Structures are given as structure tokens and as C-alpha cells.
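Source: prediction; values computed, not measured.
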Amino acid sequence: MSIPDYMQCAEDHQTVLVVVQPVGIVPEDQFFRIYKRIASVRQLSVRDSQRLLFIRYRHHYLPENNEWGDFQTHRKVVGLIAVTTCSSSRDWPHTADRFHAQKEVYSSTLYDSRLLVFGLQGEIAEQSRPDMVFYPSFEECSDVERRVEDFVESIFIVLESKRLDRATDKSGDKIPLLCVPFEKKDFVGLDTDSRHYKKRSQGRMRKHVGDLCLQAGMLQDALVHYHMAVELLRAVNDFLWLGGALEGLCSASVIFHYPGGTAGKAAGCKPSVCQPVDAGKRHRPGAQEVLIDPGALTASGISADTSAEIGRAKNCLSPEDIIEKYKEAISYYGKHKNAGVIELEACVKAVRVLAIQKRAREASEFLQNAVYINLGQLSEEEKIQRYSILSELYELIGFHRKSAFFKRVAAMQCVAPTISEPGWRACYKLLLETLPGYSLSLDPKDFSKGTHRGWAAVQMRLLHELVYASRRMGNPALSVRHLSFLLQTMLDFLSDQEKKEVTQSLENYTSKCPGGMEIITLPDGLTLPPVPFTKLPIVRSVKLLNLPVSLQPHKLKGVLEGNLSNASPFIYSPILMQSRGEERCKKIDFQWVQGDVCEVQLMVYNPMPYELRVENMGLLTSGVEFESLPAALFLPAESGLYPVTLVGVPRTAGNITVNGYHTSVFGVSSDCLLEDLVGVKASGCLVEVIPSLPRLQLSTSLPRSTHSSQATSKEELPSSVSVQLFNGELQQLTITLENIGSIDIETLELTSKNSNKDKMFGEFLSWDLEEAVRHLPLKPGQAVTLSVSIRVKLDFSGQENLLQDLNDDGISVTGWPISSPLRQVLKPRPESKPLGSESGKAEYSHVKSLEAVLKFKYSGGAGKVEGYYRELSLGVHVNVEPSLFFTRVSTLPATSTRQCHLLLDIFNPTEHELTVSAKNNQDLVLHASECQR
């Protein structure tokens, strides 16, 4: 026996084996449909008895395994059910011959057989035959289960007769020596009359009778026979059969203790009725092996003496003793190299028992022993099966990583060099099953939660094997997905050289099959979620930017409260507080405008040791129709934080949510959502998009100024002009307003704001807007001009200085509104600061500055309907120089009571010639820097 049955469990010792096989040509699906119906008859209550008969079915069974039927009767094929098709009477003789040939294979052990014939009708089918059943078709066979039950009853009759025949003490007859196949040649020529030989024969027969009793549903009788066999065989050192007797004892005890079975199946075997009623109290760790007098056994297995029944229960091993006896039996099996299959199966049975007892460490010792059992030359398929079963058993006892190890070994065995046609699909499937054992999943989201779980080096090796297997399967999309997963989840554990190798491989794969965000579904239904590259590059912050100052929308005050009709009338409402709070946390306090370019700033950095090329990077949004304008980046190696601005245009109005961004790196397209990014600072992702507004561009006749306005230091001016005037001079400023948007400008207003501390006579800016308003609405591309007059009238007088001058002259005056700072420059007082210093220049500077802001309010289109407008500002900076100074004031004695004479010294500080006009039309001409009285 070279091929073990890894699915065996301890309760299989109480079953009888029935082989169901097709004869001739039978459609595979039809055969397995009938096989499933036959196998549904798993147990049968024996008539006129309280016993149960359990049946184990196999559709394939090696005849060489049948030769071990004397050693363990549950390995013996006692029933054969053949399924065949026959359409005509001419084919019947050939079909019958095939059936008889099939019976010959198992003839040495068969108790009974049946042939199920489908498709044959007529005279042959009408003949009544005990071993054959005819059906018109596979659909018209309603009584298959009943026929199988009759067949099983006939097997029980034969089994019971054999049990009675072997159990009856025939002292006059010589007991035959039962042998396993490899022992027969060793017993040739032995003295059959020796005491040692007779004891061996008795011990083996006792063990054999115990097997028959167990199959016949007589559990307690089987326990007695096993105990007796153990004592007899131990005395003659018959180790192989002693191991068999001990294993039979363990199996009977397992059946007694665990009526639900140890195979883990949902439909376990029902407990035999010959078990005591108080089976729930049967776990007695100190139970001893108390032998019962064989005379207490009856032919039917039921004793009238209830005290004997209590005694029989003591023959059952305790749960702890079961494992010890399994160990002993396995050690005896290990003494015979030809019993490797028996030893391996015993280990598997013990592991299943220990799994129920939740003794994982001891179970692992049995499995470790099973690994090293030599079964000779196994085929590659048998090796795969062996490692797969070991993996399942380790999983059963909770050794997940060990289970994954053997599953991976089985996967590698599928593509061993000795196999002519490697099974890469089977290899890939087995590798996928190892993922949970190594704390791996196919969802990258599982790796963004807390610390990394598992051994990264082993996980990377496994992912590389998945990539290679999927490539050999001819599925490049799978290779790209697994390699992307490796790069995304294991980036922190890859060396610089490994990063280069992985990315080069990924680029090679994506050149043939680009990666995307679609879900990949495997043939077995398993789905591979997309793998977005959230670490290439790594994003640390996301900030939505406001529009430039000149494009920011403003709400008319009268319309501001118009949309609050849905607001709650209550000051505080606990029901709505949570949702409002969430919206308030997300929503940003500025607006974007439909049709205008909007910006989002990301702070990113490149973790790779070389330049990272990011293509097609754009925004992912929801809520309104949004046109993203992709960008391409080249981030230097290990760049540190690097600002990136992504832009787009909202095409409709409403609330827009920035959900994330999309990239294309190494040929893999990724959709990276903000909620999946770890450690990202976001100021908010929800912003209101208002309807379209027009756009106005401003140009002036005066040069632009770089002067920073103090009057508007809190706001940024898009443009400003600067002009230098003499006090009283008039200058015209021509402003051209052009509609550069796509919306008509329907309204236009102009206001000014001055911020001057100096005394000024009248407004120095004046305009007439009526001409410009006549051109409204201003179509896109059209322009209108506006003239603004700049006239400055400032007071350059300073009372304190003038009073000082007059007092110096001995003149008593009060409250003169004229002074001459120039005189101080010409005749500085001793306490004055020197002219060379900066402060001295500032103190005696005659130039004064005026500032004002012209604000154009304009609106149009759908935005105007909603009450929005835009504001375009122009800063005006005027440097004013004095045109003349009065340097000295004096008086003359009055000649009349009606008038007096005041003498003024007038100084021209300019570089130009001035004409001073008085009321009496006497003009005074002053040359540059000239002073006259």
C-alpha cells in the first residue's frame, strides 16, 4: 500500500467500504449524480436490532490497498455498485462481462455487488435478477436509494455471519494466521505448532474480531476484543499488529467519546444505541483498562446483566489515554518501513482528535512526525496532495503560518522541473490560499491601518512568486496588479536597489498591458481590488485655493439672507447639530465660479531614490460637472515637500467636493481618494460653485506702479498707477475696460476710497460714468473707456513754524495759515538735525503722497440673477509737490482805516517759470528758484 488516504479519520474504522464505479462509457455528470444519491445512504438501522451500520463510499480504490483488509477490515472492499449504460440487447452480453470482470478485481473480499443498468428496456430488463437493477433512463430512477438500502442490508447479513463465525471459540480448530501482504514470505516454513505461533495467531484473530464487532455496531464488544488482542500481541512482540490493536482501541474510544465525529463534517455519525445513556459523563481521565471475561460476550452483543454493561464502559480509554495509545501505535508502525502509509494515516487521525481536544501543540508534534515519514517514490501529484493535506491539518489546529508554508510548498511542487506540463494555474491558486497565513490580503486598504503585520521579507517573496506565476499563466494584467500591490504596500521595506528593480519590471509589464483601477475577477470568483499609488508621490496636505482677488465673487447685501429660508427657527437643535457641524467642518468659506479656472494645492514628496515622473495628474471631484486639466510632474529624488497646483474648471453650479486626485506612474493609472491617505492635512474639501460671472480687464493711460499701497494693505491690488503732480495741477487718467469673459456685463458701478491724513480741499478724483453706462450690456470682446480727472489741492502750511518766523522778526501775530518750511532749510536752527541724515531728508521733504482706490463693481449673466458681482480695483498713487512758498511775512503802517498792507516773500521751488496772478490782474513772473516780494 503506497498511497495514503489523507481524509481518513478514527470513526472510519466502524464503516464498511463500498466502491461505486462506472462500467463502460457513462457520462461523467450522470455518473456523479447517481453516485451522490448512492452516497446519501451513509448509515442504516439494522432490522430487529438496535445497531447501526455505517457505510463509506469510494469511486476510486486501488486493489493493492484491498490486500490490507485483514489487518484493518475497514480497508476491505465488501461491496461493489457498478453503474453502466446499455441501449440495446446486443450490447448486453458485453456489458455483463465487463461487470463480472470488475467483480473479479475485488472478488477476494466482496460480500455482495449490484449493477445499475440505465437505458436498457425489453425482455432482458424484465427478468428478475438479484444483483442487477434496470432503469429506463437516468431521470427515471426514483428508487435508487431504496435499492442501495437493500444492498447494504445484505452486506450486514454477511458481515454478521463472519463476525459470529470468527468470534465463536472453536478450540478444536487451528486458528489461521492473518498476515499483511509483505509478511507472507516471512512466515514460510515456520513451526505452526509452537506456543509463540499460536499466541500470535490468537492475538491477530482477536484484533480482527474487534474490527468486525466495531463495523457491526457492537462498540463495547470491540473494546473487549481489542484489549485482549493487545495483551496477547504484546506478549509475543508482534509490533505491527500490536499497533493495529492499539489503533483499533483508540478508534473505538474516539467513537465513544466523540459521537459527532472528528472529520469536521456537518453531518457527523450518530452515536450507536449500544452506548450507555449517560454518555455525557463518560470523560474519566483515570479510566483503567479492565478486561472483561470473554464469556460475558453474547452472540447478539447485548448482555442481560446490566452490571456487565457498566464494566464494559471501563474498557474505553480516556481522552488523554487515547493520545498516548496513538503515540505507542505509531511508534510500533515506525518499526516497519512497509507500514509507512498506516503510520501516516494514524498520525492524521490523531491530529483530528487533538484538534477537537484543542491540544494544538501535541497535534503539531504528530504532524511533524508525518512530514518525515518516508513513503518511497511518490509522484508529483501525490506530493502535492500530501503537502496540501498537511497544510489543511495545520490550519485545523490553528497553525496558520505553518499551514501557509506547506500550501506554498505544494504550489511550488505544481511547477517542479520534473513535470512536463507545469500547472501554473494550480500553483497560482494555491499561492493565493497562502496569503492569510502570512498576514497578507489583496486589498491595499488593509495595509493603511496601523502598523505592518507579518514578516515583510516573506511577504515580498510570496508576492514576487504571484507575479511570476500570473505571468506564466499568460495574464499580464494580474502581474501588473500584484507588482503594483508589492510596490505600494512594501515600499518602506524595499532597498534602493530593489525599488529600481521592481519599478523597471513594472514598466516592462505596463508597456504591454497598462494598469488601471478596474476590479479584476478571477475564474473562481475571487476579486482583486484596484491598487492606487498613494505613496508615489506621498501627499502630506491638500488645500483648496481661493480665486484671485479680482475674480472673487461678492454677494449683494440685500440678497445675502435670501437663501436661509430652510434654516431652523430654533437657536439650537440637537437633532440637526451633528450634520450641520460636519458640513461646517468640510465646507470652505469662499466660492468658486462656474467656468473659471480653480486651483488645489498639494504638498507632495518623492520617496524614491531617483527622479519620479508623474503623468496625467488631475483632480477627482463630485457634485458638479468638472473639467480637470491634467499636469505632469518631475519630482527630484527624495525631494522633500514640494508644492503642486492642480487646476480645473467647474462647468455647472452647485456644491463641489474634491475627493482626491488621479495619477499615472510607471504606466499604472491610479485614483487616490483623500479618505484613503494617511496623515494628510486637509483644510476642507467642499466648496460652493456659483453661476457664471463676467470677467473685466483694465488698462490705463498712465504707467503701472510698483508702489505698495498703505491704504489697502489688508487687500491685494491687482494693479495700480502712479503719477507726480504739482499742487493744483490737473491730470487726466484714461481707463479702458474690456470684457474678456464669455458673459455680458450688465451692470457697472465705480466708487473711490481715499485714505489721506493731510488736509485737502475737495476730492482729487472725479469722473463721469454715464457715457460708459450707455454702452452696457458690454458684449464679450468689447471695451469701453472712462476718463478720470486727478486734481490735487493740498495745504502745505504749518502754523508753528510760521509763528516762530514772525516772532523772530518782532511781529506780533496770531493764527497765520501760511508758513515756509523752505526757510528752515535755508536757515536751520542750531537744534535741528543735520541734512545729511535720512531722518533729516524725511523731515524736510516737501513731497506729499495721496492714495486712493477705484473700485469697479460689475455683474451679469446667471451670477447676477443670484445676487453676485465682482470687484476690480485700481490703486492710484499721487506724489504732490508744492508749486510756491511764502518765505517771509511783514506789514506796513496803515495809511487808511479801510485797508492795510501785507508784504509776502514768494519763492518758486520748481524748476519751471511760474506766473502768480492776483485779483487786481497784476501778474508776477517768477523764474525757477527765484524769490520776490
> Using modelled atom types only, decide if a donor and an acceptor are shared between the side chain of Thr434 and the backbone of Ala404 within a distance under 3.5 Å.
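It does not hold such a pair.
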> Which is it for His400 and Tyr394 under the ring pair (Phe, Tyr, Trp, His ring centres under 6.0 Å) test, yes or no, and what are the steps along the way?
CA-CA 7 Å; His400 304 295; Tyr394 271 115; over 10 Å; no
> Please work out which of the three classes, parallel, tilted or perpendicular, describes the rings of Phe182 and His336, given edges at 30° and 60°.
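Correct class here is tilted.
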> Would you confirm whether Ser251, through its side chain, and Glu247, through its main-chain N or O, come within 3.5 Å as a donor-acceptor pair?
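Such a contact is found between Ser251 side chain and Glu247 backbone.
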> Charged N to carboxylate O under 4.0 angstrom, Arg114 versus Asp112?
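Yes.
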> For the pair His74 and His13, name the ring-plane relationship: parallel under 30°, tilted 30 to 60°, perpendicular over 60°.
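Geometry flag for His13 against His74: tilted rings.
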> For Lys429, does the NZ atom sit with more than 12 other heavy atoms under 6.0 Å from it, leaving out its own atoms?
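No, NZ of Lys429 has 12 or fewer neighbouring heavy atoms, counting only those of other groups under 6.0 Å.
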> Output, in order, the C-alpha distance, side-chain angles, deciding distance and verdict of salt bridge (charged side-chain N to carboxylate O under 4.0 Å, His left out) for Arg146 and Asp150.
CA-CA 6 Å; Arg146 185 182 62 80; Asp150 294 341; 3.5 Å; yes
> Check side chain to side chain contact (heavy atoms under 4.5 Å, CB included) between Thr84 and all other residues, then give those that pass, not counting sequence neighbours.
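Thr84 satisfies side chain to side chain contact (heavy atoms under 4.5 Å, CB included) with Val23, Thr95, Leu115, Val117 only.
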> Can you name the closest pair of heavy atoms from Arg75 and Trp68 and give their distance?
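Shortest heavy-atom separation between Arg75 and Trp68 comes out as CD-CB, 4.1 Å.
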> Is there a donor-acceptor pair closer than 3.5 Å between any side-chain N or O of Glu145 and the backbone N or O of Ile38?
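A pair under 3.5 Å: no.
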> Can Arg51 and Glu160 be counted as an ion pair, charged N to O under 4.0 angstrom?
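Answer for the salt bridge query: yes.
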> Between Arg33 and Asp29, does any side-chain N to carboxylate O distance fall below 4.0 Å?
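No, Arg33 and Asp29 are not salt-bridged.
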> Which of these, Asp238, Asp211, Asp70, sits in a salt bridge (Lys or Arg N to Asp or Glu O under 4.0 Å) with Arg204?
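The passing option is Asp238.
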> Could you note down all residue pairs passing salt bridge (Lys or Arg N to Asp or Glu O under 4.0 Å) where residues 384-404 supplies at least one of them, sequence neighbours left out?
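Qualifying pairs, neighbours excluded: none.
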> Counting only N and O atoms by type, is there a donor-acceptor contact under 3.5 Å from the side chain of Thr109 to the main-chain atoms of Val77?
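Yes, the answer is positive, given that a donor and an acceptor are paired below the 3.5 Å cut-off.
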> Any side-chain heavy atom of Thr73 within less than 4.5 Å of one from Leu214?
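SC-SC contact between Thr73 and Leu214 ruled out.
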> Judged by atom type as modelled, is there a donor-acceptor pair below 3.5 Å linking the side chain of His227 to the main-chain atoms of Asn315?
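Looks like yes, one N/O pair under 3.5 Å.
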> Looking at Ala10, is its backbone amide N or carbonyl O close enough to the side chain of Arg352 to form a donor-acceptor pair, meaning the two atoms are under 3.5 Å apart?
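No.
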> Could you work out, with side chain to side chain contact (heavy atoms under 4.5 Å, CB included) as the rule, every residue matching Lys335, not counting sequence neighbours?
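With sequence neighbours excluded, Lys335 shows a side chain to side chain contact (heavy atoms under 4.5 Å, CB included) to Phe239, Tyr332, given in chain and number order.
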> Report yes or no: is the cationic atom of Lys207 (NZ for Lys, CZ for Arg) under 6.0 Å from the centre of the six-membered ring of Phe71, at an angle within 45° of the ring normal?
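Cation-pi check for Lys207 and Phe71: passes.
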> Strictly below 4.0 Å, N to O, side chains only: are Glu67 and Lys76 in salt-bridge contact?
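No.
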> Rounded at 0.5 Å granularity, tell me how far CG in Leu393 sits from OH in Tyr6.
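One gets 10.0 Å once the value is rounded to the nearest 0.5 Å.
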